[in-house]
Amino acid sequence: MNDRLIEKIKKLKKAREAVMLAHNYQPAEIQDLADFTGDSLALSVKAAETDAKVIVFCGVQFMAETAAILSPQKTVLLPDKSAGCPLADMITAEQLRDLKQKNPDALVVCYVNSSAEVKAESDYCCTSSNAVNLVNSLTQEKTIIFVPDQHLGRFVAEKTHRDLILWPGYCHVHVIISEDDIKNAKAKYPDAVVMAHPECTEKVKALADQLLSTGQMLKFAKNSNARHFVVATEVGMVYPLKKQNPQAEFIPASERAICPNMKKITPEKVLWSLEDMHYKVTIPEHIRIKAKTALDRMVEVLPT
Ligand code: 13P
Ligand code: SF4
């Protein structure tokens with residue numbers, strides 16, 4: 001990366017009193033430039049805690065929205081406003097209201113990969129790292145609606161031994177990883193530990209050794225003596241794993257598991273974002289207040 005570009009970004013970050021947060025799937029150069037990298041939960045907590053005036057969110061829209069909901073006094077910038085998450089768009093607030101009407105006594109838990117409007121219709125929010133703990137903390141007396149990711153939902157149902165009402169949403173990046181991808185990687189690296197994200201299909205998860213959020217993958221690999229890891233999630237995850245554990249080898253389960261939205265952020269866009277203070281992420285106050293209740297409950301629950 002161009003040294004002058006890096007210098008300009010650093011200078012402007014300081015002048016604007018900005019902090020740069022980047023998700024673990026971001027391009028390597030963005031992760032290297034960021035002040036903090038992490039999974040959805042860690043970045044939400046960081047966004048809520050920081051005393052920076054500006055947050056440059058290098059991730060996708062629902063992540064920047066989460067930061068804006070938790071910290072309305074801060075300016076949250078998303079360097080590419082088209083960086084969305086198709087999974088988050090798979091349920092609308094209207095569809096959730098219909099589902100609630102059909103199950104009037106149910107509690108609603110939404111995955112953080114959802115719109116602000118859907119969060120506002122939910123009682124609780126969670127990420128893949130604390131979904132099991134969150135559902136375990138809820139009364140057995142109530143039915144639970146879990147939206148929008150069916151695969152994370154089935155993982156939570158199995159771990160908590162609870163019947164959840166699921167929504168048929170999915171992440172197109174994770175469902176592309178097939179059983180054969182895992183079998184082939186295991187045949188090539190018989191000693192490898194297979195780490196899979198809960199957004200993967202049930203068939204893939206059945207072949208995995210560990211089901212982990214991206215932050216949990218980093219923690220697990222750090223404390224493991226294994227030499228080889230098969231990584232069943234978005235390919236960008238291999239970069240922080242390798243950076244943290246240079247002695248081990250990390251094999252992506254599928255080279256096709258690329259999230260195009262995560263790759264929209266570039267160093268140039270980060271610079272323009274800081275120069276022009278765009279794109280500001282704002283949430284209408286009546287939605288923000290309701291969504292914040294669900295998100296406050298999310299950041300209180302520790303990862304599993
Ligand atoms: P994590 O919370 O595990 O980082 O996952 C975010 C995500 O978008 C997975 O596709
Ligand atoms: Fe959304 Fe999937 Fe991309 Fe994660 S990997 S941001 S769930 S599309």
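First listed ligand is number 1; within each ligand, the first listed atom is number 1. The figures that follow rest on heavy atoms only: side chains count, while hydrogens, waters and symmetry mates do not.
Shown are K269, K263, K264; of these, the salt bridge (Lys or Arg N to Asp or Glu O under 4.0 Å) with D80 is made only by K269.
At the shortest separation from atom 9 (C) of ligand 1 among protein heavy atoms lies E199 OE2, 3.1 Å. Residue, atom and distance of the protein heavy atom nearest to atom 2 (O) of ligand 1 are S40 OG, 2.8 Å. Atom 8 (S) of ligand 2 has P86 CD, 3.7 Å as its closest protein atom, hydrogens excluded (heavy atom only). The shortest contact between atom 8 (O) of ligand 1 and any protein heavy atom is with N113 ND2, 3.2 Å.
Proximity of M217 to ligand 1 is not established, as no heavy-atom distance is less than 4.0 Å. Using a 4.0 angstrom heavy-atom cutoff, H197 counts as in contact with ligand 1. Using a 4.0 Å cutoff on heavy atoms, N113 counts as a contact of ligand 2. The closest approach between a heavy atom of Q216 and any atom of ligand 1 is not below 4.0 Å.
Proximity of T214 to ligand 1, defined as any heavy-atom pair under 4.0 Å, is shared by backbone and side chain alike. Neither the backbone nor the side chain of E234 has a heavy atom within less than 4.0 Å of ligand 1. Under 4.0 angstrom from ligand 1, the non-hydrogen atoms of S128 all belong to its side chain.
Using a cut-off of 4.0 Å between Lys/Arg side-chain N and Asp/Glu carboxylate O, E94 and R97 are scored as not salt-bridged. Remark: R288 engages E285 in a salt bridge, criterion side-chain N to carboxylate O under 4.0 Å.
Within the coordination shell of atom 1 (Fe) of ligand 2, defined by N, O or S atoms under 2.8 Å, C171 is absent.
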